[in-house]
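Some notes on the structure that comes next.
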Protein chains: 2
Amino acid sequence: MGSEFFNRLRQRAVEIHVEDHLRSRLEKGDKLRVKLGLDPTAPDLHVGHLVVLDALRAFQDDGHVVVLIIGDYTALIGDPSGRSETRPVLSRDQIDANAKTYFDQIYLVLDRERTEVHSNSEWLGAMGAADVLRLMGKATLQQVLQREDFAERLKAGTPIGAHEILYPFNQAYDSVAIRADVELGGTDQLFNLLFGREIQKSYGQEPQDIAVFPLLEGLDGSLKMSKSLNNFIGLTEPPEQIYGKAMSIPDSLTEKYLRLVSGFSKDDVERTLALKPRDAKAALARQLVKRLYGDDAADRAEADFDVKFRKREIPEEIAELMADDPADLVATLLQAGFAKSRGDARRLIEQAGVRVNGDKANVDSKLKDGDVLQAGKRNFVRIRVR
Amino acid sequence: MGSEFFNRLRQRAVEIHVEDHLRSRLEKGDKLRVKLGLDPTAPDLHVGHLVVLDALRAFQDDGHVVVLIIGDYTALIGDPSGRSETRPVLSRDQIDANAKTYFDQIYLVLDRERTEVHSNSEWLGAMGAADVLRLMGKATLQQVLQREDFAERLKAGTPIGAHEILYPFNQAYDSVAIRADVELGGTDQLFNLLFGREIQKSYGQEPQDIAVFPLLEGLDGSLKMSKSLNNFIGLTEPPEQIYGKAMSIPDSLTEKYLRLVSGFSKDDVERTLALKPRDAKAALARQLVKRLYGDDAADRAEADFDVKFRKREIPEEIAELMADDPADLVATLLQAGFAKSRGDARRLIEQAGVRVNGDKANVDSKLKDGDVLQAGKRNFVRIRVR
């Protein structure tokens, strides 16, 4: 168990700190408490989250306990500076509803029996001003300002609310409160995870080991998958949509998706990569649906896709168009150069010459990211939405 | 009252902000709450403190209320980083004892009837972690880092405890808690006082006006008067010591002392400055004792000084010696060049040829800052102690 498990973990993580310490604890068979922090404001999980969730599940399968922490404390207070629209005050009810949505998705991957759940308001809400002072006394300002986003904003002269200094402390104190042995996160969390080690030490605890994992690029092939960039495959999207979106990623990403989020064994990944690019991507798309919805749903999604695209001879390589106004089909046909005037575009639609993902479109059809827009027999474009 | 009072204040302050606003409130006859913050760890007040205390008394005489704030909150907690030896944890009893010592000295100048006293633990101690977050959200990190000591330490790479960021917020919040109309301080407090304005605004209060006053140089003539530099005249030192120390300041400082801390009217200052330097300084020394101990004590201190120095023909201008080891009289005589060997120095002392401030010295005499060391009839040196 332990040693083999460590090696698999090592292959997936970008960085493990402290490697020797974590390996030896796993080899000894210690039962570890493995922390993951969750933001309660964004309940939709996507395929990018599977990278870390799969790693957590692997810990559970090796006998360890996963401790999920809902970072509700800051959300309950909101952004005191009033500057951030992205950090609204949430009510207790909203947070609880978000948390439930989160867990419905998380337990698609995690083992409920080996998962412990906490809200950090449990301990942060009980702190007084003196406790905050003591907590902040555990580190220097210079340590905190090393954090990439602080360093960049200082350099650029972009305002940093003084209260934001508290966030890494709160997050680090979560590790103290739950006595974390290990914490996982994306590479963008490296600072926070290392900071947790420092704060644990200063509270007299053995510091957690940490492992950070690659960030998965979204459908556009270059930016990190995220809800706000609208380049994501949601874990609860319908099977057909997951399959179709997976088929729309650039071929260059197929391998990374296969290795990081397919749930395939190493051998299955190698076998799949030996296929033609189109078939490897189809195997990935099928596997993503399968792991979230099961075999039958995967069969149906595959068949649906084949009817719409393969059978209708939609080409495999399609040019992309960043749509100026995806809600206006007529305008998009003009933008794509498939019509010479709005009147011309309208006529084309009325004569049933326009299809979206293989289905006949009407004047009111709205386009979304990844849709294939077809005009006549030969004109195809894949719609991108910013 | 108001307008004339403002003009006197304007003459003494280095900077008033916002001048027009404060002038108009004083002219309207508004009764103002005038804040001064006090550090509970250093209970010995000195003549340097009279600059601001006299200004506060002038406010009281113009009908306003002085609000003194003992900054006990941080002292109760101590320095959580454990890095500062100068900021120890104080017990409630120690703080109360310090405060009492403070007030015994402060009421030498202030009118007890028009003074309100608070400890900032009254409001800071009642704050929860969420209140701290809200308070810190009222300003940006960049604003706080403008503070001179933070800016210098960042530049020099000297560690700043993250908790230190809280201190200016706490101090500023004191102005909110007592609804300060005006805050006074030394020029070294300019940032804190201005920051108080910002925080008051963000809590919906009209921001306080502020006035900062010059820092008084100590006996050495160049560094700020302070207890830790041992270049101070304490408010509760015996009359003879106050007189003698005042006589030891460089002539170049007599005018500044007369203007800032003598308590003389403008006319009296001008009259005194018309005297010979030696006599002007003697008038200052006499006035300092008089304002703290009354006329009789001033007479006695003057007579005592004259017996020891003038009558014994101690010259008015005496060279200074930074003593390497002021506790060792023999070594100091050697350092001054008044003896050729330790044996020579010893003989000189035994033959009653050595005097300290005019009194015969013995081998065990210890020297302190400002003492006049005399060997034989003609050799004089003023001892300086670092």
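A, B, ... follow the sequence lines: proteins, then strands. Residue 1 opens every chain. Atom set for the values below is all heavy atoms of this structure, side chains included, hydrogens, waters and symmetry mates excluded.
Only the backbone of B/Thr158 comes within contact range of chain A, with at least one heavy atom under 4.5 Å from a heavy atom of that chain. Contacts of B/Leu124 with chain A are made by backbone atoms alone, with heavy-atom separations under 4.5 Å and no side-chain atom involved.
For A/Asp30, the salt bridge (Lys or Arg N to Asp or Glu O under 4.0 Å) partners at least two apart in sequence or on another chain are A/Arg25, A/Lys28. Among residues two or more places apart in sequence or in another chain, the ring pair (Phe, Tyr, Trp, His ring centres under 6.0 Å) test is passed with A/Phe59 by A/Phe5, A/His64. Residues passing the ring pair (Phe, Tyr, Trp, His ring centres under 6.0 Å) test with A/His21, sequence neighbours excluded: none.
Within 6.0 Å of CZ on A/Arg92 lie more than 12 heavy atoms contributed by other residues, nucleotides or ligands.
When all heavy atoms are compared, the tightest approach of B/Ala130 to A/Tyr73 is N-OH, 2.9 Å.
The NZ atom of A/Lys138 lies 10.5 Å from the NE2 atom of B/His163; values are rounded to the nearest 0.5 Å.
In summary, of the residues considered (B/Leu141, B/Leu166, B/Ile165), a side-chain contact (heavy atoms from CB on, under 4.5 Å) with A/Ile165 occurs for B/Leu141 alone.
At a heavy-atom cut-off of under 4.5 Å, chain A is reached by B/Gln142, B/Leu145 from residues 142-152 of chain B, listed in order of number.
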